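Structure record follows, encoded as structure tokens.
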Amino acid sequence: MRFIIILFFVSWFAGNSAKSAPITFNTALPVSNDEVIVRGQYIYGEASGDGMQFSQNTLVLATGYGINSKLALFTVLPFAQKRLQTTMGSRQSSGLGDARVFARYTLLQRDGPGRTFRIAPFAGVKLPTGSSENTDVIGILPKGVQSGSGTFDGFAGVVMTWANTNWQNDSQLSFQSNGVKAGFQSGSGFNADTSFQLRIDDQALGGGAPAYLYAVLEAGASFKARDRLNGIEITQSGGETIHLAPGLQLAARRWIAEISVLAPIVQNLNGAPIKPDFQTRIGLRINY
Amino acid sequence: MKFKLLTIGLLISGLAVPALSAEQTTKIRVDGMTCPFCSATSEKALQKIDGVKSVTTDLEAGVITVCASDTAKLDDVTLKELFLKKGFTFVSKEQFDTCKEA
């Protein structure tokens, strides 16, 4: 039971790691026709409580391809190392996690000189590409330490972007519904995220190429239903979290580098003993 | 004889001189570009057009300045389609007879 309880914060790590721009989630800005964007992020996070310590190193590789200027396809591949330290010892796993594939379509676009407003719905599926049956010398690993969920999960949402050359605001609503494996179903989740990026400096890089330095502040709220086992709710699961994530972003002509620290400021986890502490991200985006 | 030699010489020199095309500046107003990524992808597309020599962007004003030969295909239809594919909005263009220094 205790190891089922840690699922919430693990999915908190995984859910945030699977999102793309601004830093912790998506944007409605375009991927041009026949253009490819590659994004890599390294994420480190910790959670603790009740004598347990959880840590996760994740490398996320995301690619976006513009089918046309309005429709883009994205894939997200996470590679994670997870470690749970308890009074009984350490349990850990590493490997490919669950991949995400989704499409985003620009529904509304209003452009002006040096500014734009866009709304783009998106939908996709999380694939069970990560192993959900890893074992160690003790036996099968707890669900929260497994590389993957073992289920196909659907998600959908909408993202809005309002940008000009001095600042940008992205806001996103998303919902995820999870499949069932061996009678276990992780609770559905609803997320609301917003990001504000303010240009604080213009820099001339080598060769006179311009780059913009942004100060970034992101906030998000996650609402997760209780997990179910054979149709019965697990009491100490699910809950709500609100987080803040300040960061910096350097946007050049062909690449964007970014760093942020995400910390929960409100956590109501229905009595779950272990809670997320923080998450740091370092990332790079390259435009081809 | 001298006249024939002179005539032949003039003909050969005339053939040897390459035909020079005139340069022109095209200022293109484009809406929707908000960051260096945006200008880079637009400039890359314009530089692929035959005859384009240089491209610079003023993001604040939303103006891309192109120096190109007067044979470069920079008509409204071409530009509208080019920027549509990039995810931006072509508004208008102005053309001038020479290329100015950046």
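Below, each value reflects all heavy atoms present in this structure, side chains not excepted, and no hydrogens, waters or symmetry copies. Residue numbers start from 1 in every chain, and the chains themselves are labelled A, B, ... in the order their sequence lines are given, proteins ahead of strands. The model shown is predicted, which means the values in this text are computed figures rather than measured ones.
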task = Counting only heavy atoms closer than 4.5 Å, note whether A:Pro30 contacts chain B via side chain, backbone, both or neither.
result = side chain
query = Can you tell which of A:Thr165, A:Asn166, A:Asn68 has the highest number of heavy-atom pairs within less than 4.5 Å of chain B?
reply = A:Thr165
key: Contacting moiety of A:Arg118, where chain B heavy atoms sit under 4.5 Å   = side chain
ask   = Just how far is it from atom CG of A:Asn164 to atom CD of B:Glu60, taken to the nearest 0.5 Å?
value = 8.5 Å
query = Considering only heavy atoms, which portion of A:Ile256 lies under 4.5 Å from any heavy atom of chain B: side chain, backbone, both, or neither?
reply = both
Beyond-backbone contact of A:Arg253 with B:Lys44, side-chain heavy atoms, under 4.5 angstrom = no
Side chains of A:Gln168 and B:Thr34, donor plus acceptor under 3.5 Å = no
inquiry  = Counting neighbours of CD on B:Gln47 that are heavy atoms of other residues, nucleotides or ligands and sit closer than 6.0 Å, is the number greater than 12?
reply    = yes
message = Testing the basics here: between A:Tyr212 and B:Pro36, what is the closest heavy-atom pair and its distance to 0.1 Å?
response = CD1-CD, 3.6 Å
inquiry  = Within this structure, what is the CZ-OG distance for the pair B:Phe88 and A:Ser32, rounded to the nearest 0.5 Å?
reply    = 5.5 Å
ask   = Counting only heavy atoms not in A:Arg110, do more than 12 fall under 6.0 Å of its CZ?
value = no
query = Taking the side chain from A:Gln109 and the backbone from B:Thr89, do they hold a donor-acceptor pair closer than 3.5 Å?
reply = no
task = Flag the one option from B:Cys38, B:Gly87, B:Ala45 with the top tally of heavy-atom pairs under 4.5 Å to chain A.
result = B:Gly87
key: Over 12 foreign heavy atoms within 6.0 Å of CH2, A:Trp167   = yes
message = Is there a side chain to side chain contact (heavy atoms under 4.5 Å, CB included) between A:Leu29 and B:Phe37? Walk through the geometry before answering.
response = CA-CA 11 Å; A:Leu29 290 182; B:Phe37 246 36; over 6 Å; no
query = Is the number of heavy atoms from other residues, nucleotides or ligands within 6.0 Å of CG (B:Asp75) greater than 12?
reply = yes
task = Answer yes or no: are there more than 12 heavy-atom neighbours, outside A:Lys70 itself, under 6.0 Å from its atom NZ?
result = yes
